[in-house]
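Report on the following structure.
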Amino acid sequence: MKKELLFLNPIFKEMVWGGERLREFDYPLPSEHVGECWGISAHPHGDCTIREGFCEGKRLSEVWREYPMLFGGYESEEYPLLVKIIDAKSDLSIQVHPDDAYARVHESGSLGKTECWYIMDCREDTSLVIGHNARSREEMEEMIDGRRWEEFLREVPVHKGDFIQIDPGTVHTIKGGMVIFETQQSSDITYRLYDYDRRVQGQLRKLHLKQSKDVITVPSRDASKSVRSTLGMSPNRLNEMVSNQYYTVWKLDVEEEFSFEQRYPFMNMSVLEGEGRISGREIRKGDNFIIPAAYGRVELQGRMLLIASIAN
C-alpha cells in the first residue's frame with residue numbers, strides 16, 4: 001500500500017462567473033460555466049473519489065478514515081487541505097473568509113479559510129483586489145454602508161506566475177480572464193461583500209454584510225507582502241512559495257529528471273503543465289494525486305510544471 005500513489009477524480013463546480021477553459025486540461029466539463037475544479041478534496045461539498053488501485057471508487061474521506069497509515073497518522077478528523085483550479089471568465093464577487101475561531105462559532109464548527117493562489121494565466125495589465133484602504137473599523141463600515149467601493153477596495157497589479165497569500169480577513173476577488181491554482185484549508189466558507197448588483201435568474205445574489213464586517217482585518221496587510229513573483233525560480237527543485245501553520249506549498253519545474261525523498265505524512269501534487277512520469281508511471285497536465293507516507297524516493301522525468309503541498 002505504501003508505494004501506491006492516490007490519483008483522484010476531479011469534481012467540477014458550475015458558477016455564474018465560470019467558463020470552459022478547464023477543457024484545456026482534457027477535463028469532461030458538464031457545461032460552459034464551470035468555475036472550479038476540485039482536484040484533491042475530501043470536503044462534504046466535493047469529496048473526490050480514488051481513480052484506480054486498491055482504493056478505487058472510495059471517497060477520499062473514506063480512505064482518510066480507513067487507512068490512516070497512508071497519511072502518516074496525521075492528527076485531524078478531516079483531510080486538512082483542498083486544492084482546486086479556478087477559471088474566472090468574469091469577475092468573482094468581492095469577498096472575505098473567516099478564521100478558524102470565527103467559523104467554529106458561527107459556521108457549525110467549520111474550519112476557517114486560509115488560502116493561496118498561483119496565477120497560471122491572466123490578461124496583460126490586470127490586477128486583483130487584495131485588501132482595502134480603510135484606516136479604522138469605523139471608516140470601513142462607513143465606506144461599505146455608503147457603497148464607496150472604488151475608494152474602499154485596493155487593487156494590486158499582478159502577472160502570470162505570481163503567487164499570492166490570502167489570510168482570513170483579507171478582502172479580495174479574482175478578475176475575469178484569470179486561471180488560478182489554489183491551495184487552501186478544507187473549507188467552503190465565503191462571505192460575499194459586494195457582487196456588482198449582478199443578477200442570477202433575475203435575483204440579486206445573497207450578501208453577507210454582517211459577517212464580512214465582523215471578520216475583515218483593519219488595517220489591511222501591506223500589499224507588497226502578499227504578492228511575489230515565481231519567475232526565475234530554479235528548475236528541478238522544490239521551490240517553497242509559502243509555509244504557515246496550515247500548509248507549505250512548492251513550485252516545481254521538472255526539466256528532464258528530478259528526484260526527492262518524500263519525508264512528510266503525505267504530499268499533494270498537481271500537474272499544471274506538460275507531461276512525464278513519476279516512478280515510472282505516466283502523468284500529464286490535469287492529474288492530481290497524493291504521495292502517501294513512507295513512499296520513499298520520488299523519481300520524476302519529463303517536462304512538467306507541478307505544485308506540491310503538505311499540511312503543517
Side-chain angles (χ1 to χ4, degrees), residues 1-15 18 22 25-31 34-87 97 100 103-104 107-116 181-190 246-247 249 262 264-272 278-279 281-295 298 306-312:
M1 287 195 297
K2 69 180 182 180
K3 296 291 286 185
E4 186 170 299
L5 300 168
L6 298 175
F7 283 84
L8 294 110
N9 294 309
I11 292 172
F12 305 107
K13 300 284 185 175
E14 295 178 82
M15 304 290 188
L22 294 177
F25 294 82
D26 288 333
Y27 290 146
L29 302 188
S31 78
V34 175
E36 297 183 351
C37 164
W38 290 20
I40 301 177
S41 170
H43 193 278
H45 294 174
D47 198 351
C48 296
T49 55
I50 308 302
R51 196 168 79 193
E52 58 194 53
F54 80 97
C55 287
E56 181 178 355
K58 286 183 176 288
R59 298 195 179 277
L60 180 54
S61 62
E62 295 178 80
V63 180
W64 179 256
R65 290 192 304 268
E66 295 174 11
Y67 301 101
M69 71 288 289
L70 291 176
F71 308 98
Y74 187 92
E75 294 186 6
S76 174
E77 290 186 8
E78 55 197 299
Y79 196 80
L81 298 181
L82 191 161
V83 302
K84 65 174 71 164
I85 302 174
I86 297 172
D87 169 23
H97 304 305
D100 288 344
R104 189 180 304 114
E107 300 294 344
S108 304
S110 170
L111 295 175
K113 193 175 178 188
T114 300
E115 64 188 33
C116 59
F181 184 86
E182 179 174 309
T183 304
Q184 59 162 91
Q185 288 179 268
S186 183
S187 172
D188 199 24
I189 305 297
T190 294
Y246 298 108
Y247 47 67
V249 182
Q262 206 303 70
Y264 303 102
F266 60 94
M267 176 180 278
N268 298 323
M269 192 165 276
S270 298
V271 185
L272 274 55
I278 180 168
S279 301
R281 192 226 191 267
E282 291 187 2
I283 53 174
R284 60 186 176 87
K285 177 178 178 177
D287 280 337
N288 300 279
F289 53 92
I290 299 168
I291 307 175
Y295 185 83
V298 178
L306 305 101
I307 300 292
S309 61
I310 60 167
N312 289 334

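Only this structure's heavy atoms are used, side chains among them; waters, hydrogens and symmetry mates stay out.
Taking CE of M269 as the start and CD1 of I290 as the end, the distance is 12.0 Å to the nearest 0.5 Å. From S186, atom OG reaches atom CH2 of W38 across 7.5 Å, with rounding to the nearest 0.5 Å. Between the CG atom of L81 and the CE atom of M267 there is a distance of 11.5 Å, given to the nearest 0.5 Å. The structure places CG of L82 at 9.5 Å from CG of N268, a figure rounded to the nearest 0.5 Å. Interatomic distance, L60 CG to I40 CD1, rounded to the nearest 0.5 Å: 8.0 Å. To the nearest 0.5 Å, atom CG of residue L22 and atom CG of residue L29 are 5.5 Å apart.
Every residue two or more places apart in sequence or in another chain that forms a side-chain hydrogen bond (donor to acceptor under 3.5 Å, both in side chains) with E52 is listed here: R281. Taking the side chain to side chain contact (heavy atoms under 4.5 Å, CB included) definition, one finds that M15 meets it with K13, W17, E36, sequence neighbours left out. Remark: Y246 engages no residue in a ring pair (Phe, Tyr, Trp, His ring centres under 6.0 Å) (not counting sequence neighbours). Applying the salt bridge (Lys or Arg N to Asp or Glu O under 4.0 Å) test to D287 and every residue at least two apart in sequence or in another chain returns R51. Partners of Y27 according to the ring pair (Phe, Tyr, Trp, His ring centres under 6.0 Å) rule, which considers only residues two or more places apart in sequence or in another chain, are F12, F25. Listed by chain and residue number, nothing satisfies the salt bridge (Lys or Arg N to Asp or Glu O under 4.0 Å) test with E14 (two or more places apart in sequence, or in another chain). The ring pair (Phe, Tyr, Trp, His ring centres under 6.0 Å) search around F7 returns F289, not counting sequence neighbours. For E107, there are no salt bridge (Lys or Arg N to Asp or Glu O under 4.0 Å) partners, not counting sequence neighbours. Under the side chain to side chain contact (heavy atoms under 4.5 Å, CB included) criterion, C48 pairs with L8, I11, S41, sequence neighbours left out. Evaluation of the side chain to side chain contact (heavy atoms under 4.5 Å, CB included) rule for S108 yields no partner, not counting sequence neighbours. Here R104 pairs with nothing under the salt bridge (Lys or Arg N to Asp or Glu O under 4.0 Å) rule; sequence neighbours left out.
Identified under the salt bridge (charged side-chain N to carboxylate O under 4.0 Å, His left out) test for residues 63-75, with sequence neighbours left out: K58-E66.
Of all heavy-atom pairs between N312 and Y74, the closest is O-OH, 2.5 Å. The shortest non-hydrogen separation linking G53 to E4 is CA-OE2, 3.2 Å. Heavy atoms only, all atoms of each residue included: I189 and S110 are closest at CG1-OG, 3.5 Å. Scanning all heavy atoms of the two residues, the minimum distance from P80 to A311 falls at CG-CB, 3.4 Å. The minimum heavy-atom distance linking V63 with I50 is given by the pair CG2-CG1, 3.9 Å. Shortest non-hydrogen contact noted between Y295 and Q262 is CB-CB, 4.4 Å.
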Apply side chain to side chain contact (heavy atoms under 4.5 Å, CB included) to the pair L272 and I307, showing each step before the final yes or no.
-> CA-CA 7 Å; L272 274 55; I307 300 292; 3.7 Å; yes
Test log, rule side chain to side chain contact (heavy atoms under 4.5 Å, CB included), inputs L70 and F266 = CA-CA 7 Å; L70 291 176; F266 60 94; over 6 Å; no
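Side-chain contact between D87 and V34 is absent, with no heavy-atom pair separated by less than 4.5 Å. In this structure, the side chains of S76 and F71 stay at 4.5 Å or more apart for every pair of heavy atoms.
A donor and an acceptor atom, one from each side chain of D47 and Y79, are nowhere located under 3.5 Å apart. When only modelled atom types and interatomic distance are considered, D188 and H45 share a side-chain donor-acceptor pair under 3.5 Å.
For the side-chain contact (heavy atoms from CB on, under 4.5 Å) with L111, the lone residue among Q185, Q184, H43 that qualifies is Q185.
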